Structure formats: C-alpha cells, structure tokens
Amino acid sequence: MTSSDRLDDWLPVNRLLARHAGRHPSRPAVTDIDRSVAIRFDDLAGVVEGVAVQLHSFGVVRGTRIVLIIDNPIETLIVWLAVWRLAAVVCPFDISQIGATTTQTALNTLQPAMVLHGQRIDVSDILAGTVPCVRFSQWPPQPSQLAAIFLQARPNTDALGHIEPTVHDLASACCTSGSSGRMKIVLHDHAGYWLNGRASIELLGLHEGDRMLDYRSLSWYSPQILTLMPFLRLGLSLSLARQFSSSRFPEWLTQHGITVAAGVPTVLNILLSQPMAHLHQSASGLRVMSSSSAPLATHTWERFEEESGIAVLNLYGSSEGGWICGNRPNQRRVGTVGRAVADLEVHIVDARGGPCPPGVPGEIVIEGPKLALGVLLPDGAVDPIRGTRFATRDQAVRDTDGFVRLLGRIDDLVIRGGVKIAPSEIEDALLTHPAVAEAAAVAIPDPIYGQEAVCFVVLQEGEAAAPAMLASHAAGMLPKEKCPKAICVIDTLPRNARGKLRRDALQMRWNEMAQDAPGTA
C-alpha cells in the first residue's frame, strides 16, 4: 500500500466529529479527570463548530497562525479542533514548560495573528507584545466568566460555508527543544498527522471502544500523535490530566476504565519506587501502557512488567519524524524499540552513509511521507525535512529480525582511546544492581584517552551502596575499557520538562566535583 493509498480515508475534523457524534452521541469523548468534567461526542461536535464560527468572526481563515496556550484538557482540545476546522494553523505553547523567554522568541518567529488562552492564564504571562490575546471560557461555560470566546454550540454554523482543511494544509507549528536543547519550530501538515495517527493505532492495537489515558501536555508532538489522532480517527474516549500523579494513577485506571495508558520511563521509575500491590490490583483492565520520549532501560522494563502486571510497549519517535519504530502487542522484544513503522524508511548507516548490516551500530536516518515539512527559521524561511534523508543523530543497531536497539545520541558517545562506548552499556550494567534505581553515564575530558566515562546513579529508596561497591559490580559486567572512571551517587537525575535526561547538566556537575576523589559522590 502506497502512502497516497493510506491517505485515501482521510477526513477533515468536522466530518470526523460528525461521524462520531452520529455513532456514539452520548459516549464521553473527553474527560478532565482533575476536575471530574466531561464532554460527550454530540456536544463536542456542536461546540467545536460554535467556537469555529466565533474564531471566523475574529478573522481566522485558512493558513492563519494561532498560538494556543495550553490550558485545561477539554478546553485546549476544543479550541485546537476549532482552529483546524477553519484550516488554520495551531501553534501550541505550554509556558510552564518552555518559559517566558523562549515563548517570546518563538512568538517573534511565528508572527501569529492571535494568541488564544483560557481562564487559568493571565495575559501578563504571555508577553505577546502587539499580538492580540483572546480569552476563551471554561467548559461548560459560565456566564460570569470574562471571555471573548465561549465554548458553546451556535445555531448558525452556515457562516462557515464550505470551509475545511485539505490533507496537505499546514496543521501545526510546534515549539520543541528536541534532544539538542535549542528551540526549534517544527511544521506539520494534516497528512503527517494522519499517517502518524495510523501508526499509533497499529502499534498499540487501538479500537473505538478503548478508553485512553494521557497526562502529558498537548504541546508535545508525542501526545498529539499517540492520543489526539487515534481519538479523532477512531472516536475512542480520552481521559486527560494536566500532569502525572503517582498517588492517583491506580485510581484513574479503575474509575475511568482505562484500557490503554501513555507512559514515559520517568513515570515507570516513579511507580516502581512505591509499593506496587495497589497498582497491580487496579490495572486488571489496562491492556497496554506505552513508553516513549526517552530511552527505557531493559531492567526497568522487565521489573515494571513483573511487579505491575502491565504490558509495556516501548516506542521510538521524534518531533521531525513522528513514530520511527515501535513494539507491537504481538511483536515485542524487550530492550529494543521494536521494528520500523509503516510509511517510513528507516536506515542505519555508517559514517560514510553506507548501510550497516545487522549487528553493526550506526546512525538512524529516516525518510518518507510522514516526516515533518520542515523547521521554521527566524527569518520566516523553512528548512525542509520531508523529501530529504533526515539524520536523527541517534545511534542504533538492528538485529536479523528487524528489531532496533537504541544505543544513545551520537553526541553522547564516549570515545575512550578510539573505543566507542554507548552510555546505555554502562547504565544497563549498573541498573542490574538491586540498589540502583536510575543511572546516567556521560563523557568527560581525559588527558590520556581523550575521553573517559563517569556514571551518576540514583539509589532505590531506603537502599545504600558505596560507589566502590557499584564500581566493582560494573567491572564484573563490562570490559575494562568500558568501565566508568567514577561513579557518583546523587539524589535525582536532571531532566527537562519533557522528561529527557540533561547530560549537559551532569557534565557541569562533574566539573564542579573535579577536585573530589574518583569514585566518590
């Protein structure tokens, strides 16, 4: 099946919502589990139309760039879909995650026509300058609320005429730091969303009767394609929270009948740090939990499944490529990110760009119709991605069955006297020690070998282990040249707002500790 064939079933948002409302009018479409508020499919279809009419009266037309400040889940989703209803472009921002300075930089690049924000956001937090800021109401709307746009159905939707997006219209401009730490604005069209949504459905085995849980900000591309798009395509029910809560997670599963839950490695580690009996009991209806956005250690994966009884599917993707590889319910291999997804060519290449045979490490390079269109540059130009071979800067190895194992970022490799050491090799060895909860290896300068590896570890709650003991454990599992020069025990690993490990912060911490004796914290 060609990519064009896989777009034959594409429908614009208004037709999708109308179809779901016709099939399951009274089914909960989206539930805000923090506020115990829900919206049904019949109400959602009408309210999205009503908000689109109001936005149209503000001058929003095809191609208009609209910054959407992420607010409560239901409100964010309604306004997002209303912008798409008009063939306009959603630019999702979560100020709490990217900060005011980065927000202003992105606004200067995007030059949006409008900033939309909800009741929880103050205009002074946005720093939008001359860009008009328009407040929308909560759901359900309260007459006393100060709002220019009310989330309610409007009887006269004929004002929209034949307006609706096409599959190749620009759909979003998403601000991301990726793995580099530098802000980028990545452009996606509806075709890319549709194909990535299809990949999510195929990877997780989703169907319209599923009840899906997510607690990540919709400013991330991952929940957009893992959660939003299957919801739109299938009409399954979403339960959304503003952030993860380890104490409430088991309760969410039972109260909302969750069958599929989104996850990241940090969440799995948090859950493992607590008694698992209650979670094991609460997860009887949970068919599968995903893990993505950061590397998942083999030891963590195995231990979580054993203690929780929850099946985990490790997935791999990026803001530029969407889903790249994934384990499937009937095609899993622990320690890997699964096989390549459809609609994407996944190459593993050597330094000269030639293909690496199975078992030989190389860089992942991708191409295909579901890649992002490009990156928006400060001068308004677009650096293209789709139509090129995009180098991910991720190092991996593929086995003879096609399963891919990530080795880490090429930039994170430790090159010790010509020997290339993937941080994951050291981390996986240390994670087999029962006292170790998390581990992160980084490169440091060395006058003899050029680079050496040091590893920072976080211990399990209530456990104690001296660095020398951990070093001895690593030495029993690793070749001598790959053993870390030092092991440092710390309270927590530094991560960004999206849960990605900040190795640069660990390297800075090592520099501050440079006068300490090797092997001590």
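Numbering of residues begins at 1 and proceeds along the displayed sequence. Everything numeric here is computed off the predicted structure, so don't read it as measured data.
A donor-acceptor pair is defined here as one N or O able to donate and one able to accept, closer than 3.5 Å; such a pair exists between the side chain of N314 and the backbone of T336. Looking at Q224, its side chain does come within 3.5 Å of a backbone N or O of L218 through a donor-acceptor pair. The closest donor-acceptor contact from the side chain of R303 to the backbone of L272 lies under 3.5 Å. Distance alone, capped at 3.5 Å, is enough to place a donor-acceptor pair between the T259 side chain and the R211 backbone. Q54 contributes a side-chain N or O that, together with a main-chain N or O of F150, makes up a donor-acceptor pair within less than 3.5 Å. Panel note: side chain D399, backbone D401; a donor-acceptor pair is recorded below 3.5 Å. Distance alone, capped at 3.5 Å, is enough to place a donor-acceptor pair between the S200 side chain and the N196 backbone. Of the possible donor and acceptor atoms, one in the side chain of E305 sits under 3.5 Å from a partner among the backbone N and O of V312. Without hydrogens or angle criteria, S246 side chain to I270 main chain gives no donor-acceptor distance under 3.5 Å. Counting only distance, with no hydrogens or angles, the side chain of S292 and the backbone of L315 share no donor-acceptor pair below 3.5 Å.
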Assess whether side-chain hydrogen bond (donor to acceptor under 3.5 Å, both in side chains) is satisfied between Q331 and R339, documenting all intermediate values.
CA-CA 8 Å; Q331 298 178 22; R339 293 182 169 125; 2.8 Å; yes
Given L17 and L232, is the side-chain contact (heavy atoms from CB on, under 4.5 Å) satisfied, shown in steps?
CA-CA 7 Å; L17 293 179; L232 272 180; 4.1 Å; yes
Working note: Q145 + Q138, criterion side-chain hydrogen bond (donor to acceptor under 3.5 Å, both in side chains); need CA distance, chi angles, decisive distance, verdict.
CA-CA 8 Å; Q145 285 181 346; Q138 283 189 331; 3.3 Å; yes
Walk me through it: do E320 and K370 pass the test salt bridge (charged side-chain N to carboxylate O under 4.0 Å, His left out)?
CA-CA 9 Å; E320 296 86 357; K370 72 181 194 62; over 6 Å; no
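For W139, the ring pair (Phe, Tyr, Trp, His ring centres under 6.0 Å) criterion is met by no residue, not counting sequence neighbours. Residues meeting the salt bridge (Lys or Arg N to Asp or Glu O under 4.0 Å) test with R509, sequence neighbours left out: none. Looking at residues two or more places apart in sequence or on another chain, you find a side chain to side chain contact (heavy atoms under 4.5 Å, CB included) between A283 and L253, L286, I310. For S172, the side chain to side chain donor-acceptor pair (under 3.5 Å) criterion is met by Y193, not counting sequence neighbours. Scored by the side chain to side chain contact (heavy atoms under 4.5 Å, CB included) test, A38 finds T31 as partners (sequence neighbours excluded). For the salt bridge (Lys or Arg N to Asp or Glu O under 4.0 Å) test, residues two or more places apart in sequence or in another chain that qualify with R503 are D412, E427. Taking H24 as the reference, nothing meets the ring pair (Phe, Tyr, Trp, His ring centres under 6.0 Å) condition, with sequence neighbours excluded. Judged as a ring pair (Phe, Tyr, Trp, His ring centres under 6.0 Å), and not counting sequence neighbours, Y316 has no contacts.
Each of D43, V51, V83 was checked for a side-chain contact (heavy atoms from CB on, under 4.5 Å) with I78, and the lone residue meeting it is V51.
Cation-pi check for R27 over F41 is not met; the charged atom does not lie both under 6.0 angstrom from the ring centroid and within 45 degrees of its normal.
Among residues at least two apart or in separate chains, ring pair (Phe, Tyr, Trp, His ring centres under 6.0 Å) pairs with a member in residues 238-297 are Y215-F244, F244-F249. The list of salt bridge (Lys or Arg N to Asp or Glu O under 4.0 Å) pairs with a residue in residues 246-262, not counting sequence neighbours, reads D34-R248, R248-E251. Every pair tested for salt bridge (Lys or Arg N to Asp or Glu O under 4.0 Å) that includes a residue from residues 267-276 fails, sequence neighbours excluded, so the list is empty. Screening residues 229-243 for side-chain hydrogen bond (donor to acceptor under 3.5 Å, both in side chains) gives D9-R233, N72-R242 as the qualifying pairs, with residues at least two apart or on separate chains.
Between S293 and W220, some side-chain heavy-atom pair lies under the 4.5 Å cut-off. For the pair N14 and E49, the minimum side-chain heavy-atom distance is below 4.5 Å. A heavy-atom distance below 4.5 Å is not found between the side chains of W84 and V48.
Ring geometry for Y221 versus H188: interplanar angle under 30°, hence parallel rather than tilted (30 to 60°).
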